[in-house]
Amino acid sequence: MFKLKETKYRMCPNRCRLFPQFSNHPCKCKEKQFSPNGKPIATMSYFLLARQLAYFIANNEIRSSLYQTMTQEHSPGMLKDIFDGSVYKELKPNLFPNQSMDDLDLAISLFIDGFASFKGGSSKMTIVHIVFLSLPPNERYKKKNMLQVSIILADHTGNLYSFLNPLMNELFILENAGMEVRFPNGAVKVKVHLLLASGDIVGVQELIHHSGHNSSYGCRQCHIKSVSSISPTGRGNGRYYTGTVNMPQERSNDEFKYGNQEFGIAKATEFAKLKSFHGSSFFGLDEMHLIGANVTKKLWSMISGDFETDVNTTIRLPKQKCLKIGSALVESGRTIPSSIFEGSFRDVSRKAGLMRSVDWIMFLQIVVPTLVFENLVDIYTANSEQVQALMSLVIGCTLALLWEIDDDDIANIEENLHVWHLHMMNNVNFHYLRHIHTICSKLGPLRAYSTRSAERAIGFFKRHIKQRVLPGANAANIIKRQLLLRTFERIYGEEEEVLDDAEEPENFYVIQPTVIDNFENDIDEEFDSGNESEEGAESDNGDSSDEKGSEGDEEDDESPSIDQVELWDFQFSTLDAYSKYNLERYVKKYWHNYFPDNRVRRSTLDQNIRVSERLFKIDTIYRCQEFPSTAKKMDALVKLRLRIKGGGWATYFAGEHPLCLVKIYGNLQMTKYGTSPRAMKTGVPYGHRTSENTSRSDKFYVVHASNIRGYAGLLKSSLHPDRYYVVYPEMIPGDITLGKISKI
């Protein structure tokens, strides 16, 4: 039906290399290549990239979204995607000129990563994974939109390019001649350019013919020279970067185009022949491998004392404190909503070996500035240099991991990671961190070109590859089946998915609200759209906080937006039914604050309301505490942004009650640290709660559902009884300043 183009290439049975079609050449290993009937003993399947892309482009809706992505203009100075970086802006005039619906120039990225198809097995495989960058960001990383052209039955054998030759040939054709995609109502000319080729450290090492991170010039970004030293584990010597204040010279484009053996580039990389090649930044920096599997994993080894050589004792914690951190993480499981963080809260003291890259990243963002921080302060004081350095590491990395950053964020990334570097440069030098701000400036935020999608694809193949004898053929059949199913869905449409009660949406949706008027008279028409009386049920929790830079900013005059809010599973009720919360009083107070005059005092409040079990806002489901989930977790704590008396906006932590009745935490404060007692910095919010998660200073309040900014959770302290840290996705130390609850 779809004329799927599967091409089989002869491969050496020893997996040494791939041969061109119709080639009869022997392999250098002298292994027998053909069976008695003349057929190759081993083959690799390749699925044409052009054919896969064509099925996307032939779809009218997808083609329209491709055009919109490639012509969209973002706010000056704001980096939300790879198209906002300086590299794309330099390439755009020549490679991505005037776009039209019948003549498109599109962008893709390539990820190469090795994996073991079976636990404990010797079968190594390498995924060749394509991300269609020209799709909107909220679409390109969905499973149905990710592409694989092949799975190599080898693990970076040293002749990786022989396996990539079919893809490289296509890339040269697509960027020069392009292709014409025909469909029932017309045709479109398309050229496709590769903007990025990334992957794990070993994979990128082979792509650029680099001597490796254990060589004299082990950095692929610059000319820093490494020295030989005993490894942190105490087992043999390794190559390590010396600490310098100034950055070494960056590698030039010519090194990749022609090679530079003096500095570890053995020969030219084939990717340098592409028109879209832009030097060392072409190979990116991956947050999963760099920040997750490398930096944070090693950081915990230093903290917990796992390194035999005591690499940096300034941040080491006693074993008993490390065990308490692990126990606190386990105990906090019930107070942290499911799925609001991408990683898992594991007992890091006992199960560090089971942690994935996403777990380590979350550990750095959430656990280091809370549980690790409090224990370091307990031993070294809040004014110690190591505490400031560690918090600088958290701030720098967390900023780089945001989906949206600006020039100020890039400057802060550089500044904070430099503070960490100065503290560590004579011990373990996390050198690649010093290149993050440059890469972000060139390519946008790290998340825009992360290998997370490739890791998800690897997980899919690991679950479905079953044959140990012929795993390569098994993998090819899985790719083929997925291509056919996804193409069928795109052409003939997908059935609408029905979400299970306990299932959270994986994708982004935009939906329209339902609106009910509260008042029976004296309401002007211009305010009718704001008179929602959609009520949820009781929930817990938050204290107020002024958001930095919020007062006097452009958003000060914003009215609550309701065009992306919907109530799910609601029932009709009355305000009297919730008299235990004195609900009518709080609803009246809400409307009095909403209108600029005293009209509420001379109006009659409609007693009829709708009580909803769940609130759906953009891409997140918020559950009402009056209708607890079966997960037996606290899943009603949210982060709010509200107006405060005197103007400006503030951040609050509260349990939701949609039009939402919330109970705002009244006893939160911020952690503090800094080398100067007169200029202490703020960290993250925390407060003391009873075993029933209450506090006498809590305050009920009614807010609009659009004021909800996201879920939050409570992380139990490992050091202080009844202390809980309020944690939330993309939490950055110092990004909010707590205020008084009396301001609302």
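For this chain, numbers begin at 1 and follow the sequence in order.
In this model, no donor atom of one side chain and acceptor atom of the other lie less than 3.5 Å apart for S198 and D286. For D306 and S304, the side-chain atoms include at least one donor-acceptor pair closer than 3.5 Å. Between the side chains of S45 and E6, a donor-acceptor pair is found at a separation under 3.5 Å.
Heavy-atom neighbours of Q261 CD from other residues, nucleotides or ligands within 6.0 Å: at or below the threshold of 12. Residue K275 qualifies as enclosed at atom NZ: its count of foreign heavy atoms under 6.0 Å is above 12.
Put simply, the side chain of D407 reaches to within 4.5 Å of the side chain of L79, judged on heavy atoms. The shortest side-chain heavy-atom distance between E342 and M362 does not fall under the 4.5 Å cut-off. For the pair C397 and L433, the minimum side-chain heavy-atom distance is below 4.5 Å. Contact of the T296 side chain with the I361 side chain is not registered, since no non-hydrogen atoms from C-beta on lie closer than 4.5 Å. Residues L393 and L364 are in side-chain contact: their nearest non-hydrogen atoms beyond the backbone lie under 4.5 Å apart. Inter-residue side-chain proximity for L174 and M179 is flagged as met; some heavy-atom pair is nearer than 4.5 Å. Here the side chains of S162 and L18 are in contact, with some heavy-atom distance below 4.5 Å. Counting only heavy atoms from C-beta outward, the side chains of I173 and E170 never approach each other to under 4.5 Å.
Aromatic ring centres of Y88 and F96: separated by under 6.0 Å.
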- Message: I'd like to know whether T398 forms a side chain to side chain contact (heavy atoms under 4.5 Å, CB included) with M731, so could you lay out the CA-CA distance, the side-chain angles of the two residues, the decisive distance to 0.1 Å, and finally the verdict.
- Response: CA-CA 8 Å; T398 303; M731 180 177 75; over 6 Å; no
- Message: With side-chain hydrogen bond (donor to acceptor under 3.5 Å, both in side chains) as the criterion, how do H210 and R220 come out once you've worked through the C-alpha distance, each side chain's angles and the decisive distance to 0.1 Å?
- Response: CA-CA 7 Å; H210 186 217; R220 66 174 189 257; over 6 Å; no
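Contact record, N253 with F277: O-CE2, 4.3 Å, taken as the closest heavy-atom pair. Closest heavy-atom contact between L417 and I436: CD1-CD1, 4.1 Å. The two atoms that bring L91 and H278 nearest to each other are CD1-CD2, 4.3 Å, heavy atoms only. For the residue pair T69 and L135, the shortest heavy atom distance occurs at OG1-C, 3.8 Å. Among all heavy-atom pairs drawn from L207 and T269, the shortest one is O-OG1, 2.8 Å. Across F172 and E270, no two heavy atoms sit closer than the pair CZ-O, 4.0 Å.
Taking 4.0 Å as the cut-off between side-chain N and carboxylate O, R452 and E455 do not count as a salt-bridged pair. One finds a salt bridge joining K92 and E73 here, because a Lys/Arg side-chain nitrogen approaches an Asp/Glu carboxylate oxygen to under 4.0 Å.
At distances below 3.5 Å, not a single donor-acceptor pair connects side-chain atoms of N14 with backbone N or O atoms of C16. N412 places no side-chain N or O within donor-acceptor distance of the main-chain N or O of D409, the cut-off being under 3.5 Å. Put simply, the side chain of T451 never gets that close to the backbone of A454: no donor and acceptor are under 3.5 Å apart. Of the possible donor and acceptor atoms, none in the side chain of K257 sits under 3.5 Å from a partner among the backbone N and O of A268. Put simply, the side chain of D84 never gets that close to the backbone of G444: no donor and acceptor are under 3.5 Å apart. Distance alone, capped at 3.5 Å, places no donor-acceptor pair between the S134 side chain and the Y67 backbone. Within the 3.5 Å criterion, the main-chain N or O of K297 finds a donor-acceptor partner in the side chain of S301. Checking side-chain atoms of R447 against main-chain N and O of W403 turns up no donor-acceptor pair under 3.5 Å. A donor-acceptor contact shorter than 3.5 Å links the side chain of Q386 to the backbone of T314. Judged purely by atom type and a 3.5 angstrom limit, S441 has no side-chain atom pairing as donor or acceptor with the backbone of T438.
I112 contributes atom CD1, which lies 8.0 Å from atom OG1 of T126 (distance to the nearest 0.5 angstrom). Rounded to the nearest 0.5 Å, atoms SG (C222) and OH (Y217) are 11.0 Å apart. D105 contributes atom CG, which lies 9.0 Å from atom OG of S100 (distance to the nearest 0.5 angstrom). Y449 contributes atom OH, which lies 7.0 Å from atom CD1 of I82 (distance to the nearest 0.5 angstrom). Note that CG of L49 and CD of Q148 are 11.5 Å apart. Values are rounded to the nearest 0.5 Å. Rounding to the nearest 0.5 Å places CE of M302 at 8.5 Å from CG of L390.
Ring geometry, Y9 versus Y46: the interplanar angle exceeds 60°, so the pair is classed perpendicular (tilted spans 30 to 60°). The aromatic rings of F271 and F282 sit tilted relative to each other, their planes meeting at an angle between 30° and 60°. Using bins of under 30°, 30° to 60° and over 60° for the plane-to-plane angle, the ring pair W420/H423 lands in the tilted bin. The aromatic rings of F56 and F132 stand perpendicular to each other, their planes meeting at an angle above 60°, with 30° marking the opposite boundary.
A cation-pi arrangement, defined by a distance under 6.0 Å to the six-membered ring centre and an angle within 45 degrees of its axis, is present between R17 and F19.
Each of Q33, H25, Q21 was scored for a side-chain hydrogen bond (donor to acceptor under 3.5 Å, both in side chains) with R10, with one residue passing: Q33.
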